[in-house]
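Okay, so here's the structure we're looking at.
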Amino acid sequence: MRQYETMVIIDAMISDDAINAEIENIGAMITNGGEILRRDDWGKRKLAYSIKKRQHGFYVIFYYKAEAAVVAAMEAALKLNENVLRWMTLADYPMSEIVYNQDMAQSTEEIIPVDAEEGEAE
């Protein structure tokens, strides 16, 4: 299983109960074939531009582990859902698995400030 993150923007003009039901439905689609690691609810926010003549959306981000088929099925269901304005799924790479170059991380070079008067023409 790979790790993914999916951000969903739900129409903020529907009731709070309907928004919660949409979030639970998305969560159920993920848990059918995967495992939700974390969920961040950003709440209602103004959109940068109107989407389907809407100015506000409810943002929620799911971090989860699942197979690619689960992600494809979830995105197909989101495409048909009229209450979902936008979504985006990214493959998530946990920070613990990234190996950094130790030489670059522990640079010992000093930063020497340049005197402003030395660079001026006389």
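Only this structure's heavy atoms are used, side chains among them; waters, hydrogens and symmetry mates stay out.
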Open item on the list: Before you tell me yes or no, could you show the steps for Trp42 and Val60 under side chain to side chain contact (heavy atoms under 4.5 Å, CB included), namely the whole-Å CA-CA distance, both residues' side-chain angles and the distance that decides it to 0.1 Å?
Closed with: CA-CA 6 Å; Trp42 286 10; Val60 62; over 6 Å; no
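- Rounding to the nearest 0.5 Å gives a distance of 11.5 Å between CD of Glu22 and CZ of Phe58.
- Within the model, atoms CG of Leu90 and CD of Gln3 stand 12.0 Å from one another, a figure rounded to the nearest 0.5 Å.
- Trp87 and Tyr59 are members of different hydrophobic clusters when ILVMFWY side chains are connected at heavy-atom separations under 4.5 Å.
- A heavy-atom distance below 4.5 Å is found between the side chains of Met13 and Arg54.
- Of all heavy-atom pairs between Ser50 and Gln55, the closest is CB-NE2, 3.2 Å.
- Crowding of Lys79 atom NZ: a count of heavy atoms from other residues, nucleotides or ligands under 6.0 Å not exceeding 12.
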Open item on the list: Pair Val70, Tyr4 - check side chain to side chain contact (heavy atoms under 4.5 Å, CB included), show working.
Closed with: CA-CA 11 Å; Val70 173; Tyr4 296 95; over 6 Å; no
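- Residues Thr6 and Ile61 form no side-chain contact, since every pair of their non-hydrogen atoms from C-beta on lies 4.5 Å or further apart.
- Of the possible polar contacts, none joining the Asp41 side chain to the Gly43 backbone as a donor-acceptor pair under 3.5 Å is found.
- One N or O on the side chain of Asn20 and one on the backbone of Asp16 form a donor-acceptor pair closer than 3.5 Å.
- By the rule that hydrophobic residues join a cluster once side-chain heavy atoms approach within less than 4.5 Å of another member, Phe62 and Val84 end up as members of one cluster.
- Ion pairing between a basic and an acidic side chain is recognised when a charged N comes within 4.0 Å of a carboxylate O; Arg39 and Glu24 show such pairing.
- Within a 6.0 Å sphere centred on CE of Met88, heavy atoms belonging to other residues, nucleotides or ligands number 12 at most.
- For the residue pair Glu5 / Thr89, no side-chain donor-acceptor distance below 3.5 Å is found, with atom types taken as modelled.
- A distance of 7.5 Å separates CG in Leu47 from NE2 in His56, rounded to the nearest 0.5 Å.
- The side-chain contact (heavy atoms from CB on, under 4.5 Å) test with Arg86 is passed by exactly one of Ile9, Leu78, Ile10: Ile9.
- Salt bridge status for Lys44 with Asp11: absent, with no side-chain N to carboxylate O gap under 4.0 Å.
- The minimum heavy-atom distance between Ala18 and Ile14, with the atom names listed, is CB-CD1, 3.8 Å.
- No path of Ile, Leu, Val, Met, Phe, Trp and Tyr side chains, each step under 4.5 Å between heavy atoms, connects Tyr64 with Met7, placing them in separate hydrophobic clusters.
- A single hydrophobic cluster is seen to contain both Ile30 and Ile19, as judged by linkage of ILVMFWY side chains at heavy-atom distances under 4.5 Å, directly or through other members.
- The same ILVMFWY cluster, assembled from side-chain heavy atoms under 4.5 Å apart, contains both Ile23 and Val8.
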